Amino acid sequence: MGDHFQWIADVEVGESEEAETAEKLKRWLVDLGIIVPEETPCAISTPGHRPGSHFTRALEDGEVDADPAGMDGVEIHVGRTVFYPGQGEPGPAECPRCDRVFGDFDMESLEYEDDPQIRALIAAAQRWDEGGAAEVGCRVCGQSSHLNDWRWGYGALALGRVGLTFWNWPELSDDFTRQIGERLGHRVRHGLQQKL
């Protein structure tokens with residue numbers, strides 16, 4: 001059993017407001033008791049914030065008895081970050097223009113299908129990470145969209161300048177993700193747990 005993580009990314013925050021937005025998000029999480037204010041090397045070899053006394057406020061209802069001793073820290077990302085699944089390729093992904101789905105799960109191989117559209121999305125994420133644009137053309141309808149506008153299945157991919165990675169936490173609730181979006185006033189995306 002390896003480590004796992006979940007992330008929540010703000011996919012709308014701009015460069016000029018990233019530091020202020022991250023600080024606002026941190027203060028809110030500390031005020032709710034979800035994390036402690038001090039940063040320690042607790043997020044799988046990087047600095048992070050340990051679970052606070054009310055960390056269960058971030059979790060699904062069935063996780064209220066979670067033991068914080070088995071959980072690692074929360075890493076707060078500031079700056080250009082690609083949020084991705086921990087293993088394998090992301091997918092499936094749905095074009096926001098024509099609704100075509102790419103990279104379906106293959107029941108015979110028990111893996112996601114190798115799909116050139118998924119590879120194009122990954123390449124766009126790499127371009128963006130290196131300072132470039134993140135527009136991706138759909139190979140069916142031919143229209144371009146920003147990578148963050150594509151709709152993802154379990155293996156979500158997102159680009160953001162502010163985000164959180166929860167290391168070895170139980171499942172985060174959809175309500176918690178929604179609250180973060182409301183608090184920041186931006187669209188956010190949640191990446192599901194992935195084993196490493």
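Note that the coordinates shown come from a computational prediction; the quantities given were computed from them, not determined experimentally. Worth knowing before you read on, the calculation uses all heavy atoms, side chains too, and leaves out hydrogens, waters and symmetry mates.
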Inset, instruction - Go through Ile122 and Gln126 one step at a time and tell me if the side-chain contact (heavy atoms from CB on, under 4.5 Å) criterion holds. - result: CA-CA 6 Å; Ile122 293 169; Gln126 292 168 337; 4.0 Å; yes
Legend entry - Derivation of the side-chain contact (heavy atoms from CB on, under 4.5 Å) call for Thr46 and Thr165: CA-CA 11 Å; Thr46 63; Thr165 299; over 6 Å; no
Inset, instruction - Apply side-chain contact (heavy atoms from CB on, under 4.5 Å) to Val36 and Val30, showing your working. - result: CA-CA 6 Å; Val36 299; Val30 168; over 6 Å; no
Legend entry - Full working for side-chain contact (heavy atoms from CB on, under 4.5 Å) between Val136 and His146: CA-CA 6 Å; Val136 183; His146 191 281; over 6 Å; no
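The CD atom of Glu39 lies 12.0 Å from the CZ atom of Arg50; values are rounded to the nearest 0.5 Å. Annotation: the span from Arg139 atom CZ to Gln117 atom CD amounts to 6.0 Å, rounded to 0.5 Å. In this structure, SG on Cys141 lies 9.0 Å from CG on Asp99, to the nearest 0.5 angstrom.
Under a hydrophobic-cluster definition in which Ile, Leu, Val, Met, Phe, Trp and Tyr are linked whenever side-chain heavy atoms come within less than 4.5 Å, directly or via other members, Ile35 and Leu25 are assigned to the same cluster. Criterion: ILVMFWY side-chain heavy atoms under 4.5 Å apart, direct or through other members. Under it, Ile180 and Val11 are not part of a common hydrophobic cluster.
Within the 4.5 Å cutoff, no side-chain heavy atoms of Cys138 are placed close to those of Arg97. Annotation: side chain of Glu75 is not in contact with side chain of Phe5 (no heavy-atom distance under 4.5 Å). Between Trp7 and Thr81 there is no side-chain heavy-atom pair separated by less than 4.5 Å. Looking only at side-chain heavy atoms (C-beta outward), Leu184 and Val13 stay at 4.5 Å or farther from each other. At a threshold of 4.5 Å between non-hydrogen side-chain atoms, the residues His49 and Cys42 do not count as touching. Using a 4.5 Å heavy-atom cutoff, the side chains of Trp152 and Pro92 are not in contact. Residues His190 and Leu172 meet the side-chain proximity criterion, which asks for heavy atoms closer than 4.5 Å. At least one side-chain heavy atom of Leu157 sits less than 4.5 Å from a side-chain heavy atom of Val82.
Not one N or O on the side chain of Asn168 forms a donor-acceptor pair closer than 3.5 Å with the backbone of Met71. Using modelled atom types, no side-chain atom of Arg80 and backbone atom of Glu15 make a donor-acceptor pair closer than 3.5 Å. Under a 3.5 Å cut-off, the side chain of Asn148 and the backbone N or O of Ala158 do not form any donor-acceptor pair. No side-chain donor-acceptor contact under 3.5 Å links Arg187 to the backbone of Gly181. Checked by atom type and distance alone, the side chain of Trp169 pairs as donor or acceptor with a backbone atom of Asp72 at under 3.5 Å. Checking side-chain atoms of Arg189 against main-chain N and O of Asp10 turns up no donor-acceptor pair under 3.5 Å. Asp67 places no side-chain N or O within donor-acceptor distance of the main-chain N or O of Gly70, the cut-off being under 3.5 Å. The main-chain N or O of Trp167 is never found under 3.5 Å from a side-chain atom of Gln6 such that the two would form a donor-acceptor pair. At distances below 3.5 Å, not a single donor-acceptor pair connects side-chain atoms of Thr56 with backbone N or O atoms of Leu59.
Two rings, from His77 and Phe83, have their centers less than 6.0 Å apart.
A donor-acceptor pair shorter than 3.5 Å cannot be found between the side chains of Trp150 and Glu94.
Every residue two or more places apart in sequence or in another chain was checked for a side chain to side chain donor-acceptor pair (under 3.5 Å) with Glu130, and none qualifies. Taking the side-chain contact (heavy atoms from CB on, under 4.5 Å) definition, one finds that Ala22 meets it with Ile76, Val78, Val162, sequence neighbours left out.
Between Gly103 and Ile118, the shortest heavy-atom contact is CA-CG1, 3.9 Å. For Leu159 against Ala134, the heavy-atom pair with the smallest separation is CD1-CB, 3.4 Å. Between Ala93 and Leu121, the shortest heavy-atom contact is CB-CD1, 3.8 Å. Heavy-atom minimum distance, Ala125 versus Leu147: N-CD1, 4.0 Å.
Cation-pi geometry between Arg57 and Phe55 is not satisfied (NZ or CZ under 6.0 Å from the ring centre, within 45° of the ring normal).
Pairs passing the side-chain hydrogen bond (donor to acceptor under 3.5 Å, both in side chains) check and including a residue from residues 17-38, sequence neighbours excluded, read Glu18-Arg161.
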